[in-house]
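Written out below as structure tokens is the structure these notes cover.
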Amino acid sequence: MKTLTIGDLKPRFPIIQGGMGVGISLSGLASAVANEGGIGVISAAGLGLLYKKLSPNYTEAGNLGLAEEIRKAREKAKGIIGVNVMVALSDFAELVKTSIAEKVDIIFSGAGLPLDLPSFLKKDSVTKLVPIVSSARAVRIICEKWKNNYDYLPDAVVLEGPKAGGHLGYKENQLEDEHFSLEELLPQVVHEVSLFEEKYHKSIPVIAAGGIYTGEDIKRMMDLGASGVQLGTRFVTTTECDASDAFKESYIKAEEKDIEIIKSPVGMPGRAIHCNFLEKVKAGIKQPKACPFNCIKTCDISKSPYCIVTALYNAFKGNFENGYAFAGSNAWKTSRIMSVKETINELISEWKSKE
């Protein structure tokens with residue numbers, strides 16, 4: 001089995017649990033995955049809502065909440081803990097600074113190009129920086145910018161394909177186009193990264209993500225040149241996942257036809273599970289009158305049919321009349337709730353059986 005090496009970090013298995021917000025992957029899930037030898041990831045999105053008791057200011061509450069989640073994960077886990085911070089978040093800079101100050105092992109950053117991410121590192125920082133991209137071109141832009149401006153290269157790269165859950169870095173007409181499939185894009189990204197590896201003598205592992213669900217999927221990605229994989233959906237239906245039971249149940253009940261592409265207020269397509277709330281959005285429910293959070297840079301309140309952070313927070317709590325669950329393309333395959341340990345063991349044995 002391939003080993004994944006990100007700088008001086010070596011997880012036992014090359015499996016990363018994707019960061020899922022709002023509230024789906026917090027310290028509970030991240031620490032469980034880390035303890036089982038994968039890389040556990042806390043999502044920084046929307047923590048201002050989960051921790052509103054810490055401060056009336058959404059941004060400040062989110063920062064205090066993130067520090068709290070990192071500490072909780074550290075107390076529970078011996079392994080590697082990462083944080084996912086979306087570039088599109090208005091408090092991106094603050095959340096990155098908090099993650100670095102708390103000495104989190106890795107920052108994963110997508111939903112936009114994290115062109116200034118290395119600028120937040122201090123001389124004594126230990127945090128690794130891993131951008132999430134959707135094309136070889138994006139990798140090239142990031143590597144060139146980081147090298148020229150900060151003399152830094154990514155410690156690894158996540159390529160997220162169009163079958164992922166949540167916000168997607170593709171146009172809607174690209175989602176079913178085989179030229180944009182993970183299988184097609186992965187060798188391109190591996191090749192692009194290899195040019196920088198050779199030129200600067202630095203190892204930059206490529207991690208494949210988006211629609212990876214079984215050990216067989218993992219084997220296929222590794223054969224195409226990935227050094228590791230990132231899975232989100234597969235970890236939602238675990239006992240340790242931080243979402244409500246109703247949220248997990250929505251995955252178990254979902255059929256293939258229930259997984260749909262939606263237009264998000266953020267301006268990107270997203271993949272979610274069909275529910276009453278999304279029916280109401282299609283029927284044209286009222287838009288919010290005011291925005292209390294300003295949580296996402298690209299969200300225009302005058303055009304938004306609903307507040308996305310509130311909708312995702314409601315779903316995390318199990319309220320599908322006023323929210324919806326993001327999910328990957330294979331969410332309908334889930335049939336039961338099991339522990340993180342069982343999930344990882346199952347993935348590894350499926351993978352070994354294909355070797």
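Numbers here simply count residues along the sequence, with the first being 1.
Here the CG atom belonging to L64 is positioned 12.0 Å from the CD atom belonging to E69, to the nearest 0.5 angstrom. Distance check: Q17 CD to T238 OG1 gives 8.0 Å after rounding to the nearest 0.5 Å. Here F196 contributes atom CZ and S194 contributes atom OG; the two are 10.0 Å apart, rounded to the nearest 0.5 Å. From L9, atom CG reaches atom OG1 of T5 across 9.0 Å, with rounding to the nearest 0.5 Å. To the nearest 0.5 Å, atom OG1 of residue T127 and atom CZ of residue F120 are 13.0 Å apart. The OG atom of S329 sits 5.5 Å away from the NZ atom of K163 when rounded to the nearest 0.5 Å.
Both V340 and V229 are assigned to one and the same hydrophobic cluster, defined by single-linkage of ILVMFWY side chains at heavy-atom distances under 4.5 Å. At a threshold of 4.5 Å between side-chain heavy atoms, the hydrophobic network of Ile, Leu, Val, Met, Phe, Trp and Tyr places Y200 and I141 in one connected group. Under a hydrophobic clustering in which Ile, Leu, Val, Met, Phe, Trp and Tyr are joined whenever their side-chain heavy atoms come within less than 4.5 Å, directly or via other members, I296 and L47 fall into the same cluster. V157 and V130 fall into different hydrophobic clusters, where Ile, Leu, Val, Met, Phe, Trp and Tyr residues are linked whenever their side-chain heavy atoms come under 4.5 Å apart, directly or through other members. Cluster annotation: F326 and W332 are assigned to the same hydrophobic cluster (Ile/Leu/Val/Met/Phe/Trp/Tyr, side-chain heavy-atom contacts under 4.5 Å, transitive).
Using a 4.0 Å cut-off between charged side-chain N and carboxylate O, K253 and D258 make no salt bridge. For the pair K333 and E256, the salt-bridge criterion is not met [side-chain N within less than 4.0 Å of a carboxylate O]. Here K341 does not pair with E240 in a salt bridge; the nearest charged N to carboxylate O distance is not below 4.0 Å. Salt bridge annotation for R234-E346: present, with a cationic side-chain nitrogen under 4.0 angstrom from a carboxylate oxygen. Contact check on K263 versus E172 returns a salt bridge, with a Lys/Arg side-chain nitrogen under 4.0 Å from an Asp/Glu carboxylate oxygen. Between K202 and D155 there is a salt bridge, since at least one side-chain N of the basic residue sits less than 4.0 Å from a carboxylate O of the acidic one. Under 4.0 Å is where a charged nitrogen must lie from a carboxylate oxygen, and between E260 and R271 no such pair does. A salt bridge links R220 with D217; the closest basic N to acidic carboxylate O contact falls under 4.0 Å.
Between L4 and I39, the shortest heavy-atom distance links the atoms CD2-CD1, 4.3 Å. When every heavy atom of I273 is checked against every heavy atom of A327, the shortest pair comes out as CG1-CB, 3.7 Å. Shortest non-hydrogen contact noted between L50 and G23 is CD2-CA, 4.0 Å. Across V41 and A30, no two heavy atoms sit closer than the pair N-CB, 3.6 Å. When all heavy atoms are compared, the tightest approach of G28 to S31 is O-OG, 3.2 Å. Here the shortest heavy-atom pairing between L182 and G161 reads CD1-N, 3.9 Å.
For the ring-ring contact (aromatic ring centres under 6.0 Å, His included) test, no residue two or more places apart in sequence or in another chain qualifies with H274. Contacts of F108 classified as ring-ring contact (aromatic ring centres under 6.0 Å, His included), with partners at least two apart in sequence or in another chain: none.
Inter-residue side-chain proximity for V87 and L113 is flagged as unmet; no heavy-atom pair is nearer than 4.5 Å. Counting heavy atoms from C-beta on, the side chains of S25 and S43 come closer than 4.5 Å. A 4.5 Å side-chain heavy-atom check between S99 and L66 finds at least one atom pair inside the cut-off. Looking only at side-chain heavy atoms (C-beta outward), K171 and P269 stay at 4.5 Å or farther from each other. C275 places none of its side-chain heavy atoms less than 4.5 Å from the side chain of S250. By the 4.5 Å heavy-atom criterion applied to side chains, I107 and K128 are not counted as neighbours.
Ring-plane geometry between F180 and Y170 is classed as perpendicular, the angle between the planes exceeding 60 degrees on a 0 to 90 degree scale with a lower cut at 30.
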| message | Please determine whether side chain to side chain contact (heavy atoms under 4.5 Å, CB included) holds for the pair L117 and W146, giving the CA-CA distance in whole Å, both sets of side-chain angles, and the decisive distance to 0.1 Å. | response | CA-CA 8 Å; L117 194 52; W146 285 18; 3.7 Å; yes
| query | Yes or no on ring pair (Phe, Tyr, Trp, His ring centres under 6.0 Å) for F247 and Y324, after CA distance, side-chain angles and deciding distance? | reply | CA-CA 9 Å; F247 188 96; Y324 60 88; 9.9 Å; no
| task | Test R137 against E192 for side chain to side chain contact (heavy atoms under 4.5 Å, CB included), laying out the working first. | result | CA-CA 8 Å; R137 181 174 169 270; E192 191 61 55; over 6 Å; no
| Stepwise side chain to side chain contact (heavy atoms under 4.5 Å, CB included) test for F316 and L49 | CA-CA 11 Å; F316 150 74; L49 275 180; over 6 Å; no
| task | Begin from the C-alpha positions of E350 and T214 and carry the test side-chain hydrogen bond (donor to acceptor under 3.5 Å, both in side chains) through to its verdict. | result | CA-CA 7 Å; E350 286 168 358; T214 63; 4.6 Å; no
| request: With side-chain hydrogen bond (donor to acceptor under 3.5 Å, both in side chains) as the test, would you mind laying out the steps for T98 and N63 before giving the verdict? | output: CA-CA 7 Å; T98 298; N63 269 310; 2.7 Å; yes
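Judged by distance alone, with hydrogens and angles left aside, the side-chain atoms of T237 form no donor-acceptor pair with the main-chain N or O of I337 at under 3.5 Å. Between the side chain of D116 and the main chain of S119, no donor-acceptor pair closer than 3.5 Å is present.
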Pairs of donor and acceptor atoms involving the side chains of residues 72-79, under 3.5 Å and at least two apart or interchain, shall be tabulated with distances.
residue: K72; atom: NZ; partner: Y51; partner atom: OH; Å: 3.2
residue: R74; atom: NH2; partner: K103; partner atom: O; Å: 3.3
residue: R74; atom: NH2; partner: D105; partner atom: OD1; Å: 3.4
residue: R74; atom: NH2; partner: D105; partner atom: OD2; Å: 3.2

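Counted within 6.0 Å of NZ on K352, heavy atoms from surrounding residues, nucleotides or ligands total 12 or fewer; the atom is thus considered open. Counting heavy-atom neighbours within 6.0 Å of E144 CD, excluding the residue itself, gives a total above 12. Within a 6.0 Å sphere centred on NZ of K145, other residues, nucleotides and ligands contribute 12 heavy atoms or fewer. Crowding of K317 atom NZ: a count of heavy atoms from other residues, nucleotides or ligands under 6.0 Å not exceeding 12.
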